[in-house]
Amino acid sequence: MLSIAYISIASKDLSAEELSALVDQSAASNARDGITGMLVYHAGQFMQVIEGPEEAIKALMLRIRRDPRHHDVYELFRRPVTEREFPTWTMTLCNSEALTVKDRSVLSDYLHQVRAGTGVGADREDAARFGTALLEQFCKAMLRHRPC
């Protein structure tokens with residue numbers, strides 16, 4: 001199996017309905033392809049982890065890179081995994097509004113630094129490690145509010 005995390009910039013601000021439709025569409029496709037993952041949307045940017053069979057993940061990344069709903073896709077990591085991080089989530093949205101003010105601030109700073117190539121984002125490995133830690137933190141928050 002393969003796991004990929006990336007960030008990207010939304011082509012336009014998305015309404016709650018548009019986000020819901022995106023997640024529903026992704027969940028259906030992911031269920032069909034054996035893919036699980038988590039999507040964070042914050043201030044016009046996405047941060048997502050997808051995991052599953054290697055060929056299915058590679059095909060999904062090609063579709064993601066071509067999707068006009070966002071641009072500037074930046075991979076944080078691409079690594080083989082033996083166990084899923086999100087085994088029951090074909091796709092779950094972590095809207096930043098559900099996060100604490102502190103978590104939203106940390107997320108904003110992180111996304112800005114990665115985009116600017118400064119701070120934690122200056123080193124790809126550091127960016128990936130920190131991004132992974134953020135996603136794990138958000139996942140735990142999601143589980144507290146929305147158990148699987």
Output, in order, the C-alpha distance, side-chain angles, deciding distance and verdict of side chain to side chain contact (heavy atoms under 4.5 Å, CB included) for Leu60 and Ile50. CA-CA 9 Å; Leu60 177 55; Ile50 52 174; 3.7 Å; yes

Is there side-chain contact between His70 and Ile64, with at least one heavy-atom pair below 4.5 Å?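 Yes, at least one pair of side-chain atoms sits under 4.5 Å.
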
Side chain to side chain, Arg78 and Lys58, heavy atoms closer than 4.5 Å: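 Result yes, sub-4.5 Å side-chain heavy-atom pair found.
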
Please tell me whether Tyr6 and Glu75 have a donor and an acceptor in their side chains that are separated by less than 3.5 angstrom.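 No, no side-chain donor-acceptor pair sits under 3.5 Å.
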
Of all heavy-atom pairs between [X] and [Y], which one has the smallest distance, and what is that distance?
| X | Y | value |
| --- | --- | --- |
| Pro68 | Ser11 | O-OG, 2.6 Å |
| Gln25 | Arg69 | OE1-NH1, 3.3 Å |
| Ala56 | Ile35 | O-CD1, 3.8 Å |
| Val81 | Ser3 | CG1-CB, 3.7 Å |
| Val49 | Phe86 | CG1-CE1, 3.7 Å |
| Arg84 | Pro53 | NH2-CD, 4.1 Å |

Distance in Å, [X] [atom1] paired with [Y] [atom2], rounded so as to fall on 0.5 Å steps:
| X | Y | atom1 | atom2 | value |
| --- | --- | --- | --- | --- |
| Thr90 | Asp24 | OG1 | CG | 9.0 Å |
| Asp33 | Arg63 | CG | CZ | 6.0 Å |
| Glu51 | Thr36 | CD | OG1 | 3.5 Å |
| Ser8 | Gln48 | OG | CD | 8.0 Å |

Leu19 reachable from Val73 in the ILVMFWY side-chain graph, under 4.5 Å edges: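 Yes, Val73 connects to Leu19 through the hydrophobic network.
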
Are Ile4 and Met1 co-members of a hydrophobic cluster defined by side-chain heavy atoms under 4.5 Å apart?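 Looking at the clustering, Ile4 is in a separate group from Met1.
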
Derivation of the side chain to side chain contact (heavy atoms under 4.5 Å, CB included) call for Glu85 and Met38: CA-CA 9 Å; Glu85 195 74 26; Met38 175 181 172; over 6 Å; no

The criterion is salt bridge (Lys or Arg N to Asp or Glu O under 4.0 Å); which residues satisfy it with Arg66, sequence neighbours excluded?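 Salt bridge (Lys or Arg N to Asp or Glu O under 4.0 Å) check on Arg66 returns nothing, list empty.
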
In the hydrophobic clustering (ILVMFWY, side-chain contacts below 4.5 Å, transitive), which residues join Leu62, or is it alone?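 Cluster partners of Leu62: none, it stands alone.
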
Glu18 with Lys12: basic N within carboxylate O range, under 4.0 Å: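 Lys12 and Glu18: salt-bridged.
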
The test is side chain to side chain contact (heavy atoms under 4.5 Å, CB included); show your working for Leu22 and Phe46 and say whether it passes. CA-CA 12 Å; Leu22 171 67; Phe46 295 104; 4.0 Å; yes

